[in-house]
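Quick notes on the structure that follows.
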Amino acid sequence: MTRMRAVDAVVLILEKEGATETFGLPGAAINPLYSAMKAHGGIRHTLARHVEGASHMADGYTRAAPGNIGVCLGTSGPAGTDMITGLYAAAADSQPILCITGQAPVAVLDKEDFQAVDIASIAKPVTKMAKTVLEAGQVPGVFQTAFQLMRSARPGPVLIDLPIDVQQTEIEFDIDAYEPLAPAKPAATSAQAEKILDLIAEAEHPIIIAGGGIINADAADRLVEFAELTSIPVSPTLMGWGVIPDDHPLAAGMVGIQTHVRYGNASFLESDLVIGIGNRWANRHTGDLNVYRKGRKFVHIDIEPTQVGRVFSPDFGVASDAGAALDALLSAARGRTGERALPDFTGWASECTARKSTEHRKTNFTEVPIKPQRVYQEMNQAFGRDVTYVSTIGLSQIAGAQMLHVYRPRHWINAGQAGPLGWTGPAALGVAKGKPGETVVALSGDYDFQFMIEELAVGAQHKIPYVHVVVNNSYLGLIRQSQRGFEMDYEVSLAFENINAAGSASSGYGVDHVAVAQGLGCKALRVEDPELIGEGLRVAKELMDEHQVPVVVEVILERVTNISMGTALDQINEFEPLAHTPADAPTALSPMGELAAAK
């Protein structure tokens, strides 16, 4: 056996577990771990400007590719508390990130020592495990357990808190004898798969709701195979967007009361059997449950048993990893031949496909100031099929999900359940680290962008290129829209006359985002004419490629715009004109048909 410090063992374990991408800030109580990383040389590190930003970078890196586990590092006390929001965002969306914090020496714990806080107790509700390690000999086992937990069942984050004296204590450790523990995942049985197929056989209009669990299981190809085998239309959730290409004939469009397409809701309301795979029945997806559930049966497949029946009781529930469930369904469906063959759903699927050329929202606005819908039209044209979008919350994210197109898994990366303002920028840096050489485009409103704006300097320092589209109406737009029900517009305006603003470019719009971005070492440009958005995006890509830094494209919007949403799938409020001709929505997946245009 080899004798080494506990932190030297930690670094070797990170390497063997494949978690070699770290984001964080050194500090007195975590410096021993940093010394081990420096001595080892094989652990990559990105120096963040804020510890919360580091946690979001780790989250973005995890989401970028199958098998990734991002690691965030911080010192004792406020570093850990700063990362709680990042742990919450990761836990809410079932993302495995590892948070390692330094801690005061064991002897002074519970004595109000400087920057000593019981971070394990604070983090416990938003992690799968949170532990302060008091004995150095336990360090390898705690890390081994942590990686197994992060990968088992419903994935999620873990926090390990290391007192500084524990970090530096020598232990006997042999990395060659260390083996990662196998993760435990429930799997659907053949009998359960047959039961689901029995329900499908009784249906006339089945539809699959494909959730983020399919992406976590790296099972998008199996979902598409099952859909094609059975001719059942697929509607992705916001977290599952990309599991089936938006232009696939069986892609029925996203359903929801905020992030949705009109034809997606219309097709769902015609369904009679809903097969949810790896989804949560989130309230922004379902809206009013009486409308959502009326006249249809439900199957729910989820890796976490307590999720089944959590929102409502399905007609049939299965606790299973999404990939394992799809394997079982594929095997069972291939065996259904002759008299046991499933019904032919191609007619129903064709109806759903036909709806994709109807009920488009207008995007081709020419007004100045710019209407936001035009921005997403131009993004569709500028970035094409290979782009990865990163977004978080607000009207920008809702409108983006209604109008952008996604064609591959992990090409729409979104903090879906927690939705913390400020997540987008640092998460995009993590995504770009996880997708080197690929085009990453972040989408923010002005308020989301101002949260954690300092992390742009991280991209400049470490040469992490991505494009950040900021739609600026100088408002907390989603909150202002929700205040309409209270007949108020109160404390949601970010507008002011900036005494340093040059010319009319941002007059009355407050913060000069272009100047701030440039001051942080990035490139930035501003667009005020809708006809110049495409050119601005083209220039941004060129600047990103040339300088290998984040490039901000600020688009000045009209101050007040309401984005389509409602309380139920059949009660969506449309605030802008709908498309009446193909020219009204030139980047729609299916051009508006003559019949639809005539209505």
Side-chain angles (χ1 to χ4, degrees), residues 361-384 387 389-391 394-400 402-405 424-425 428 439-450 453 456 459 465-475 477 494-498 500-547 549-561 563 576 585-587:
R361 293 185 172 105
K362 182 176 179 179
T363 59
N364 200 25
F365 292 96
T366 58
E367 288 86 342
V368 178
I370 298 168
K371 284 189 173 290
Q373 293 85 353
R374 179 64 181 269
V375 180
Y376 309 110
Q377 172 182 307
E378 297 294 338
M379 289 172 69
N380 284 332
Q381 292 176 324
F383 298 120
V387 63
Y389 290 117
V390 183
S391 191
L395 291 183
S396 56
Q397 175 245 29
I398 294 168
Q402 292 179 6
M403 298 168 201
L404 294 175
H405 308 315
T424 307
T439 301
V440 175
V441 176
L443 171 62
S444 290
D446 44 289
Y447 206 43
D448 174 52
F449 184 63
Q450 288 176 25
I453 196 170
L456 285 172
Y466 78 97
V467 173
H468 204 136
V469 177
V470 180
V471 286
N472 181 9
N473 65 348
S474 198
Y475 249 122
L494 302 176
F496 63 91
E497 289 294 337
N498 189 328
N500 298 306
S504 62
S506 57
S507 177
Y509 276 69
V511 174
D512 186 342
H513 298 113
V514 169
V516 174
Q518 290 173 336
L520 290 167
C522 301
K523 290 292 185 179
L525 56 97
R526 180 178 292 116
V527 179
E528 296 182 89
D529 184 338
E531 302 304 324
L532 297 179
I533 298 172
E535 175 65 10
L537 297 175
R538 184 190 65 78
V539 170
K541 288 191 293 183
E542 290 180 352
L543 291 171
M544 178 185 70
D545 292 339
E546 178 182 357
H547 299 285
V549 298
V551 179
V552 175
V553 180
E554 180 187 46
V555 183
I556 302 297
L557 301 184
E558 60 184 6
R559 291 294 315 285
V560 175
T561 298
I563 299 298
E576 298 288 354
T587 61

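Heavy atoms only: backbone and side chains are in, while hydrogens, waters and symmetry mates are out.
Contacts of K371 classified as salt bridge (Lys or Arg N to Asp or Glu O under 4.0 Å), with partners at least two apart in sequence or in another chain: E558, E576. D446 is linked by a side chain to side chain donor-acceptor pair (under 3.5 Å) to nothing, counting only residues two or more places apart in sequence or in another chain. The side chain to side chain donor-acceptor pair (under 3.5 Å) test applied to R559 returns S493, not counting sequence neighbours. A585 is linked by a side-chain contact (heavy atoms from CB on, under 4.5 Å) to H360, T363, A579, A588, counting only residues two or more places apart in sequence or in another chain. Under the ring pair (Phe, Tyr, Trp, His ring centres under 6.0 Å) criterion, Y389 pairs with no residue, sequence neighbours left out. For D529, the side-chain contact (heavy atoms from CB on, under 4.5 Å) criterion is met by E531, L532, not counting sequence neighbours. Every residue two or more places apart in sequence or in another chain was checked for a side chain to side chain donor-acceptor pair (under 3.5 Å) with T439, and none qualifies. In this view, V368 and P530 satisfy the side-chain contact (heavy atoms from CB on, under 4.5 Å) rule, not counting sequence neighbours. The side-chain contact (heavy atoms from CB on, under 4.5 Å) check on V552 picks up F449, L456, H468, V470, A517, A524, with sequence neighbours excluded. Residues passing the side chain to side chain donor-acceptor pair (under 3.5 Å) test with Q397 are N414, sequence neighbours excluded.
Enclosure of atom NZ in K362 by more than 12 non-hydrogen atoms of other residues, nucleotides or ligands within 6.0 angstrom is indicated.
Residue H513 is tested with R526, Q518, E554 for a side chain to side chain donor-acceptor pair (under 3.5 Å); the sole match is E554. A side chain to side chain contact (heavy atoms under 4.5 Å, CB included) with M379 holds for exactly one of V387, L537, T587; it is L537.
Residue Y509 comes nearest to N472 through the heavy atom pair CE2-O, 3.5 Å, listed as atom of the first residue, atom of the second, then distance.
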